[in-house]
Amino acid sequence: MVSVIVPVYNVAPYLSACLQSIAAQTERDLEVILVNDGSTDASGKICEEWIKMDSRFKVLHQENQGPSVARNIAIENAKGDFYVFVDSDDLLHPKMIETMLGHIGNNDIASCNMLEGEDCKWPEESQWEAKAYDSQQAIEMMLYQKHFNCSASGKLFRNTVFSYLRYRPGTTYEDLDLTYKLFAQATGSIILTNQPLYFYRKRKGSILHTYSKSRLDVLDVVEGIEQYYSQHPKLSAAARDRRFAANYNIFGISSYCDVPAEVAEQCWEQVKRLRGEILRNPKSRLKNKLGALVSYLGQNITSKITKIIYQ
C-alpha cells in the first residue's frame, strides 16, 4: 500500500482538484492522509467531505504548525510501505503512482519530472526513460540543481528511509534540509524518470514566490549542508556550489526587497569566498558561473544587475 500524505492549509480553491487527481490514480491500493494544518478557509470542510466520499481518505486536524509538523504527524500515522507527498494545490498524473511503483523495484526512492505553471496540460504519451543512479550521484546532481530536485513532491519513498529521519519544524526549506539525507539513507539505486507525472502549481501566494523573513531560512540550511559534507571527497564541492547559489539569490533579492543589511552583507561575503571555486568547477551550472563572474564587477554593480534580472 502507498500512503499519500497531503498537508492542507488555506487552499480551498485548489484542494478539490488536487484530491480528485489522487482519487483517480490507476493504482488503487492507497491510503490518503490529509492533515488540515489549522486552515481558516473552507479547506477543513472539503477534507471532511472527501473522507465521506472515499473510504481511503482520512483527515487529521491540528492547529497551524507548518508543513513539516503536518508531514511528520502523517508519517507517524501512515501504514503504507511507500510514501508520496503532495502539496495541496498541486496535481498528479493519473498514472503517477502506478508508474513510479513500476520503476522503483527493490530500490528505495524513485523520482519523476514535474510540470510547472498555472494550468496543467499533460504531454502526450512518449518513449519516456528511467535511469538508475547511486545515492552519491543523485545527491551530487541535486546539489548542483541538475536533474534531481530537492522537493519531497514528485517522488516515491520506501518507508524505511524515514526510519529515524523527520522534517525539521519551523523552516520554510524543509525539503532542501532533508531530501539529501533521505537519498543518503537509500539502499540500492535511486530511479529517475524523465516522464512528467507531477504538476507543481505556481501561484502568487506560494511560499517560494513571495518574499518574507522566513525565506532567509535557506541560508541556515545551505550552511548546514556545507558543514555536513565538509570532509566528503566528492560532495563537498557540490555543497559549496549550493551554498553559493542560495547566498547569491538572497543577495540579489536584497537589491529590491527589505532584506536586513547585515544579512545582505553576509551573503556578499559568501559570494566572494566561493566565486573563484565556482568558476573553476566544471560541474557548476552556467547560471552560477555567470553570477560569480558578474560579482567581480563589485558589490554595487552586481546589485544593480541582479535587480534588473530578478525583477
task = Kindly indicate whether the side chain of F251, heavy atoms from C-beta on, has any atom under 4.5 Å from the side chain of Q270.
result = no
key: Side chain proximity check, L19 to L34, heavy atoms < 4.5 angstrom   = yes
query = Under a 4.5 Å side-chain heavy-atom rule over Ile, Leu, Val, Met, Phe, Trp and Tyr, are L60 and I51 clustered together?
reply = no
task = Would you indicate whether K45, at its atom NZ, is surrounded by more than 12 heavy atoms from other residues, nucleotides or ligands within a distance under 6.0 Å?
result = no
inquiry  = Please check this pair: side chain of Q20 against backbone of L15, looking for a donor-acceptor N/O pair closer than 3.5 Å.
reply    = no
ask   = Has the side chain of N247 got a donor or acceptor atom that lies under 3.5 Å from a matching backbone atom of V271?
value = no
task = Taking D90 for its side chain and Y200 for its backbone only, find out whether a donor-acceptor pair lies under 3.5 Å.
result = no
Side chain proximity check, M96 to F199, heavy atoms < 4.5 angstrom = no
ask   = Same cluster for I191 and V161 if Ile/Leu/Val/Met/Phe/Trp/Tyr side chains link at under 4.5 Å?
value = no
Candidate pair Y167 and D175, rule side-chain contact (heavy atoms from CB on, under 4.5 Å), full reasoning = CA-CA 8 Å; Y167 290 96; D175 288 352; 3.7 Å; yes
Donor-acceptor contact below 3.5 Å, side chain R56 vs main chain L30 = no
query = Counting only N and O atoms by type, is there a donor-acceptor contact under 3.5 Å from the side chain of E98 to the main-chain atoms of K95?
reply = no
note = Checking L101, D29, D81, V32 against V2 for side chain to side chain contact (heavy atoms under 4.5 Å, CB included), the one that qualifies is L101
query = Given F183 and K155, is the side-chain contact (heavy atoms from CB on, under 4.5 Å) satisfied, shown in steps?
reply = CA-CA 11 Å; F183 277 27; K155 294 178 177 62; 3.9 Å; yes
inquiry  = Would you say that more than 12 heavy atoms from the other residues, nucleotides or ligands in this model lie under 6.0 Å from the CD of E76, or not?
reply    = yes
Salt bridge E49-K52, side-chain N to carboxylate O under 4.0 Å = no
query = Between the side chains of T40 and N10, is a donor N or O closer than 3.5 angstrom to an acceptor N or O?
reply = yes
key: Distance-minimising heavy-atom pair for I109 and A186   = CD1-CB, 3.9 Å
query = Should the pair E140-K234 be classified as a salt bridge under the 4.0 Å nitrogen-to-oxygen rule?
reply = no
request  = Please report the closest heavy-atom contact between Y133 and A138, naming both atoms and the distance.
outcome  = CB-N, 4.4 Å
query = Taking R28 for the side chain and A23 for the main chain, is one N or O donor matched with an acceptor at less than 3.5 Å?
reply = yes
key: Residue pair D37, Q62: steps toward the side-chain hydrogen bond (donor to acceptor under 3.5 Å, both in side chains) verdict   = CA-CA 5 Å; D37 190 31; Q62 65 176 27; 2.6 Å; yes
request  = Quick one: pull up CD1 in I104 and CD1 in I190 and give me the separation to the nearest 0.5 Å.
outcome  = 9.5 Å
query = How long is the span from the OG atom in S284 to the CG atom in L290, to the nearest 0.5 Å?
reply = 11.5 Å
ask   = Would a 4.5 Å heavy-atom cut-off, applied to side chains only, mark P169 and Q65 as touching?
value = no
ask   = Any chance the side chains of S39 and N36 put a donor and an acceptor closer than 3.5 Å?
value = yes
query = Mind checking whether L143 and L279 sit in one hydrophobic cluster, side chains of I, L, V, M, F, W, Y counted as touching below 4.5 Å?
reply = no
ask   = Do the side chains of Q136 and L235 get nearer than 4.5 Å, heavy atoms only?
value = yes
message = Would you compute the distance between atom CD of E27 and atom CZ of F82 and round it to the nearest 0.5 angstrom?
response = 10.0 Å
request  = Please step through side-chain contact (heavy atoms from CB on, under 4.5 Å) for the pair C112 and T99, ending with a clear verdict.
outcome  = CA-CA 10 Å; C112 67; T99 302; over 6 Å; no
message = Using only atom types and a distance under 3.5 Å, with no angle test, would you say the side chain of S43 pairs donor to acceptor with the backbone of V11?
response = yes
key: Common cluster, L115/I22, ILVMFWY with side-chain heavy-atom separation under 4.5 Å   = no
request  = Would you check if the side chain of S21 reaches a backbone N or O of L91 as a donor-acceptor pair within less than 3.5 Å?
outcome  = no
Any T171 side-chain heavy atom under 4.5 Å of D220 side chain = no
message = Pairing donors with acceptors under 3.5 angstrom, does anything connect the side chains of D241 and N288?
response = yes
message = What's the separation between atom CZ in F57 and atom SG in C47, rounded to the nearest 0.5 Å?
response = 9.5 Å
inquiry  = Measuring from atom NZ of K307 to atom SG of C257, what distance do you get when rounded to the nearest 0.5 angstrom?
reply    = 10.0 Å
request  = Quick one: sort the F162 and F85 rings into parallel, tilted or perpendicular, breaks at 30° and 60°.
outcome  = tilted
query = How far apart are the closest heavy atoms of A152 and R71, and which atoms are they?
reply = CB-NH1, 3.7 Å
message = Using modelled atom types and a 3.5 Å cut-off, is there a donor and acceptor pairing between side-chain atoms of T172 and backbone atoms of R215?
response = no
key: Nearest-0.5 Å distance that lies between atom CG in D87 and atom CZ in R201   = 11.5 Å
inquiry  = Go through it in stages, so that I can follow the logic: the residues are F244 and R275, the test is side-chain contact (heavy atoms from CB on, under 4.5 Å), and I'd like the CA-CA distance, side-chain angles, deciding distance and then a yes or no.
reply    = CA-CA 8 Å; F244 173 88; R275 61 190 178 187; 4.2 Å; yes
inquiry  = So which atom in I5 and which in A74 form the shortest heavy-atom distance, rounded to 0.1 Å?
reply    = CG2-CB, 3.4 Å
Neighbour count above 12 (heavy atom, 6.0 Å) for K146 NZ = yes
query = Is it true that L165 and F148 fall in one hydrophobic cluster, defined by side-chain heavy atoms closer than 4.5 Å?
reply = yes
message = Counting only heavy atoms not in K283 (residues, nucleotides, ligands), do more than 12 fall under 6.0 Å from its NZ?
response = no
message = Between Y248 and I278, is there a side-chain heavy-atom distance shorter than 4.5 Å?
response = no
remark   = Residues A132 and S189: closest non-hydrogen pair is CB-CB, 3.7 Å
request  = Would you name the heavy atoms of P67 and E174 that are closest together and state the gap between them?
outcome  = CG-OE2, 3.7 Å
ask   = Looking at side-chain heavy atoms only, is the closest gap between H147 and K131 below 4.5 Å?
value = no
request  = Determine yes or no for a side-chain-to-main-chain donor-acceptor pair under 3.5 angstrom, with T306 supplying the side chain and S303 the backbone.
outcome  = yes
